[in-house]
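Okay, structure first, notes after.
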Amino acid sequence: GENVEQHPSTLSVQEGDSAVIKCTYSDSASNYFPWYKQELGKGPQLIIDIRSNVGEKKDQRIAVTLNKTAKHFSLHITETQPEDSAVYFCAASGGGYQKVTFGTGTKLQVIP
Amino acid sequence: NAGVTQTPKFQVLKTGQSMTLQCAQDMNHNSMYWYRQDPGMGLRLIYYSASEGTTDKGEVPNGYNVSRLNKREFSLRLESAAPSQTSVYFCASSVGQVVNTIYFGEGSWLTVV
């Protein structure tokens with residue numbers, strides 16, 4: 001089955017700096033890569049996703065890049081704000097029934 | 001529009017007790033899921049239901065059973081709770097089998113003592 005590794009497990013940045021979270025996946029058939037944000041006491045919520053026919057996608061301060069050859073994808077948050085503090089999960093999915101495999105999460109702390 | 005609603009939010013069980021976590025979605029989604037979240041382990045799939053009338057095991061199904069009661073509702077049952085089942089449980093749903101956004105509930109905090 002699919003295996004998704006996520007790094008780092010914790011990340012602290014100063015407000016206004018950029019944050020980068022990296023993930024690798026094992027199944028070359030995976031073709032959908034979502035990122036979820038989980039605020040304290042809440043369920044995860046999709047913030048951005050990318051499909052395998054696209055190398056990069058941006059949405060305001062958030063961007064995701066995908067390198068299918070190397071089987072890794074990354075989340076980039078620019079101009080970080082305190083409200084970006086949360087746990088972020090990457091995930092990979094593809095083929096057949098929808099079975100999304102999640103990474104282990106990155107706890108991002110933005111220091112004012 | 002409530003999205004995915006799960007109950008109870010908090011529960012303490014004694015080892016060996018049984019309980020059912022309830023979940024309902026109002027988005028007319030075909031697929032529903034139960035995940036558990038443990039520190040350092042991320043989100044692990046327990047069971048899923050690709051469509052009404054079908055259920056399948058996920059990554060960590062042992063000790064759990066599920067019922068897809070109708071298109072809206074998907075329950076998770078612990079027949080004989082064990083301390084290893086102390087976790088946060090999330091119900092989720094998505095439109096269907098084609099890969100797309102998963103919508104999560106708020107979570108149920110379960111402690112087994």
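Every chain is numbered from 1 and lettered A, B, ... according to where its sequence line falls, protein lines coming before strand lines. What you are looking at is a predicted structure, and each value in this text was computed from that prediction instead of being measured.
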Quiz item: How long is the gap from CZ on B/Phe90 to NZ on A/Lys42, to the nearest 0.5 Å?
Solution: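 Result: 11.0 Å between the selected atoms.
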Quiz item: Atom CD of B/Gln37 and atom OG1 of A/Thr104: how far apart are they, to the nearest 0.5 Å?
Solution: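 Going from CD on B/Gln37 over to OG1 on A/Thr104, the span is 11.0 Å.
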Taking atom [atom1] of [X] as the centre, does the number of heavy atoms from other residues, nucleotides or ligands within less than 6.0 Å exceed 12?
X: A/Glu83; atom1: CD; answer: yes
X: A/Glu79; atom1: CD; answer: no
X: A/Gln45; atom1: CD; answer: no
X: A/Lys68; atom1: NZ; answer: yes
X: A/Lys107; atom1: NZ; answer: no

Practice problem: Give the intermediate values and the outcome of side chain to side chain contact (heavy atoms under 4.5 Å, CB included) for residues B/Tyr48 and A/Val100. | Solution: CA-CA 11 Å; B/Tyr48 69 101; A/Val100 178; over 6 Å; no
Exercise. For the pair A/Tyr36 (side chain) and B/Ile102 (backbone), establish whether a donor and an acceptor sit closer than 3.5 Å, ignoring hydrogens and angles.
Key: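 Flag set: sc A/Tyr36 to bb B/Ile102 pair under 3.5 Å.
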Self-check item: Part of A/Pro34 within contact of chain B (heavy atom distance under 4.5 Å)
Solution: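 Contact with chain B: none, neither part.
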Quiz item: Which bit of A/Gln6 is near chain B, if near means a heavy-atom gap under 4.5 Å: side chain, backbone, both or neither?
Solution: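 Answer is neither: A/Gln6 stays 4.5 Å or more from chain B.
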Quiz item: Of the backbone (N, CA, C, O) and the side chain (C-beta and beyond), which part of B/Tyr103 lies under 4.5 Å from a heavy atom of chain A, both, or neither?
Solution: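 Neither part.
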Quiz item: Between B/Val12 and B/Val88, is there a shared hydrophobic cluster once you connect ILVMFWY residues whose side-chain heavy atoms come closer than 4.5 Å?
Solution: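 Not linked; separate clusters.
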